[in-house]
Amino acid sequence: MATQITDGVKVSVETVYQPEYSNPENEHFMFAYRITIENLGDYSVQLLRRHWYIFDSNGTHREVEGEGVVGQQPIIEPGERHEYVSGCNLKSDMGTMGGTYQMLRELDGSKFEVDIPKFDLIAPHRLN
């Protein structure tokens, strides 16, 4: 599990290779990831946007950005957490992801960036 804390917001990531949705013969490797966002601060925060950097070991780099996560812009109260599951496909059996969330501090309306820790996407057969 990869974890990082930025300005009182803790982001943790767990990944799972999805063989049932992958097709290695056609260079399609599917990974799921679970993100847990915890508000360790004293004020409510809202997740506004995401910005991902995706690296495929075949040399391909992609950036994905947009509003919210899985169609939501959750407000996370102090001491609470928000979890969601999403996925990423690669053309090889190994890669990495990382990025940032743009957050809004409800108290004063200020926006700030929270780091999403870089994490590995590796098919289990690559670990042997």
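Numbers here are sequence positions counted from 1.
For the pair C88/I54, a side-chain contact is recorded, criterion being any heavy-atom separation below 4.5 Å from C-beta on.
Contact record, G41 with P78: O-CB, 3.3 Å, taken as the closest heavy-atom pair. Of all heavy-atom pairs between S92 and N58, the closest is OG-N, 3.8 Å. K111 approaches L48 most closely through the heavy-atom pair CE-CD1, 3.8 Å. Across every non-hydrogen atom of M94 and D56, the tightest pair is O-OD1, 3.8 Å. Taking all atoms of both residues into account, the shortest heavy-atom contact from G68 to R50 is O-NH1, 2.9 Å.
Here the CD1-CG distance, from I122 to D93, works out to 9.0 Å after rounding to the nearest 0.5 Å. How far CD1 of I116 is from CD of Q4: 10.0 Å, rounded to the nearest 0.5 Å. Separating the CD atom in E20 from the CE atom in M30 is a distance of 10.0 Å, to the nearest 0.5 Å.
Here K91 does not pair with E27 in a salt bridge; the nearest charged N to carboxylate O distance is not below 4.0 Å.
Note that R105 lies in the cation-pi zone of F112, set by a 6.0 Å cut-off to the ring centre and a 45° limit from the axis.
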Go through the steps for T36 and V11 under the test side chain to side chain contact (heavy atoms under 4.5 Å, CB included), then give the verdict.
-> CA-CA 6 Å; T36 303; V11 179; over 6 Å; no
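A side-chain donor from one of E63 and H51 sits under 3.5 Å from a side-chain acceptor of the other.
If you chain together hydrophobic residues whose side chains sit under 4.5 Å apart, V114 and Y53 never meet in one group. Under the 4.5 Å side-chain heavy-atom criterion for Ile, Leu, Val, Met, Phe, Trp and Tyr, M1 and Y17 are members of distinct hydrophobic clusters.
Under the 3.5 Å distance criterion, the side-chain polar atoms of D115 are left unmatched by any main-chain donor or acceptor of P117. Checked by atom type and distance alone, the side chain of T3 never pairs as donor or acceptor with a backbone atom of S12 at under 3.5 Å. In this structure a side-chain-to-backbone donor-acceptor pair under 3.5 Å is missing from N39 to G79. Counting only distance, with no hydrogens or angles, the side chain of S22 and the backbone of Q18 share a donor-acceptor pair below 3.5 Å.
Checking V16, N89, L90 one by one against F31, the side-chain contact (heavy atoms from CB on, under 4.5 Å) holds for a single residue, L90. Applying the side-chain contact (heavy atoms from CB on, under 4.5 Å) test between Q102 and each of R49, Q46, E67 identifies R49 as the sole match.
With sequence neighbours excluded, the residues forming a side chain to side chain contact (heavy atoms under 4.5 Å, CB included) with T15 are V13, Y33, F119, L121, listed by chain and number. For E113, the side chain to side chain donor-acceptor pair (under 3.5 Å) test picks out T100, with sequence neighbours left out.
Heavy atoms of other residues, nucleotides or ligands lying less than 6.0 angstrom from CZ of R62 number more than 12.
Ring geometry, H61 versus F55: the interplanar angle falls from 30° to 60°, so the pair is classed tilted. Ring geometry for W52 versus Y101: interplanar angle over 60°, hence perpendicular rather than tilted (30 to 60°).
Apart from L107 itself, the hydrophobic cluster it occupies contains Y43, where clustering links Ile, Leu, Val, Met, Phe, Trp and Tyr at side-chain heavy-atom distances under 4.5 Å.
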